[in-house]
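Here's the structure, in structure tokens; my notes come after.
To find a chain, count down the sequence lines: A is the first, B the second, and so on, and within it residues start at 1. Worth saying up front: this structure is predicted, and the values here are computed from it rather than measured.
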Protein chains: 2
Amino acid sequence: MNEATGPEQAPCTWPAERGAAPPGGPVGHLVTRVARLHRTAAGRALRESGLYPGQEIVLGHLWEADGPVRQSDLIKAVELDPSTVTKTLQRLEQSGHVTRAPDPADRRAVLVEATELSCALSRQVESAWAGLEEHALAGLTPADRAELLRLLTAVEANLCDRAGGCPEAE
Amino acid sequence: MNEATGPEQAPCTWPAERGAAPPGGPVGHLVTRVARLHRTAAGRALRESGLYPGQEIVLGHLWEADGPVRQSDLIKAVELDPSTVTKTLQRLEQSGHVTRAPDPADRRAVLVEATELSCALSRQVESAWAGLEEHALAGLTPADRAELLRLLTAVEANLCDRAGGCPEAE
DNA sequence: CCCCATTGATTGGCCGACCATGCAATGCGT
DNA sequence: ACGCATTGCATGGTCGGCCAATCAATGGGG
């Protein structure tokens, strides 16, 4: 077998100075965890509409800008990796929620548009989303919610400039 | 009105009563976005240690409970899907960060242990995490951070009881 | 006019997460 | 002692994300 370095155990033998800090920075894990829970909950809610979590964001943008949208604009709007958007759109097209056509004015561009089928879902999705939001924020006062928004926005901004690939438009 | 897969037609023709609410509830998307940014940043930070985001959480638990851990306990601790943990551990084992052995006391159980290789990484990972945490929370006062923690915890609790699969002791 | 950098999008590969399913070992109840 | 529910993990499949590399079209500079 592998005796790697030690016969058995004697794992880490910590500096032993710690003990208070649980596992890693709390906020990082927490936000990850909350996001996961939220996504799962969204998945359940969207399931009844035949959608998967992640697709609502794309569809949401298409619903808003009601009309054909250049895929590149969509990518900038949702701030996701281009390949992610491509795949999502392929799925959405396959499930009939979206149509895609080449842009006659620029043959490498693709124009995306929400179908009526997806529009029928829009109210359902919206209400599901609102319900989820309400549930997630239950028990929080309006002031709490504003605070949460403010703090998360601040964190977002902080993380953004590290990644360097954020809106940071104007 | 149902030309379904019609030519190009008018897309959604919203009730037009909206207009203020951007796309969906703000907090949901925000938290998703923050989590994504955080994960990406963590990925960059961990890359230098040869780890992928998600693995640090598992390793963190193994480092803490220094010694063999039953996989089922690990699963409860990280609160992830068993299959996710299995796959993560397989990767970690393959990369030499973890060893797995059947539990002699219960032959269906698996005992997991961090290797010394991973221990060498622990400080690196820890400091990377701390740095990331600090960066994410830059500009926030201690009071802000406490608030953020409190609010996120509340949201977590709210989402938990919807999913129904949370700790919620009994 | 032609070459080349830029932009737009796709492909392939990888990992993390979930669900549903399957299977082996355990342990409880009768 | 036997049978059956439970527990513990693994597999297969799907989706969402990222990165790296690729191809097609555009457009600017020489």
Counterpart residues, side chain to side chain donor-acceptor pair (under 3.5 Å), relative to A/Glu134 (two or more places apart)
A/Arg145
Has the side chain of A/Asn158 got a donor or acceptor atom that lies under 3.5 Å from a matching backbone atom of B/Ala138?
yes
ring-ring contact (aromatic ring centres under 6.0 Å, His included) partners of residues 96-115 of chain A, not counting sequence neighbours, each pair once
none
Near DNA chain D, under 4.0 Å by heavy atom, which residues of residues 97-106 of chain A?
A/Asp106
A/Glu156 vs A/Leu152 side-chain heavy atoms within contact, under 4.5 Å:
no
Counting primed atoms plus P, OP1 and OP2 as sugar-phosphate and everything else as base, spell out the protein contacts along nucleotides 15-20 of chain D at 4.0 Å heavy-atom distance: B, S or - for each nucleotide, 5' to 3'.
SSBBB-
State, with a plain yes or no, whether a side-chain heavy atom of B/Ser118 is found less than 4.5 Å away from one of B/Thr115.
yes
Does the gap between the ring centers of A/Trp129 and A/His38 come in under 6.0 Å?
yes
Residue pairs fulfilling salt bridge (Lys or Arg N to Asp or Glu O under 4.0 Å) with at least one residue in residues 80-96 of chain A, sequence neighbours excluded
A/Glu93-A/Arg100
Please report the interatomic distance OH(A/Tyr52) to CZ(A/Arg39), rounded to the nearest 0.5 Å.
12.5 Å
I'd like to know if A/Arg108 reaches the base of D/dT26 with its side chain, counting only an N/O donor and acceptor under 3.5 Å.
no
Taking the side chain from A/Glu79 and the backbone from A/Lys76, do they hold a donor-acceptor pair closer than 3.5 Å?
no
What distance do A/Ile75 atom CD1 and A/Ser83 atom OG have between them, rounded to the nearest 0.5 Å?
8.5 Å
To the nearest angstrom, how far is A/Gln90 atom CD from D/dT14 atom P?
15 Å
Taking any heavy-atom pair under 4.0 Å as a contact, classify A/Ser72: base, sugar-phosphate, or nothing.
sugar-phosphate
Segment of DNA chain C, first to last nucleotide, that comes within the 4.0 Å heavy-atom reach of chain B:
C/dC15 to C/dT26
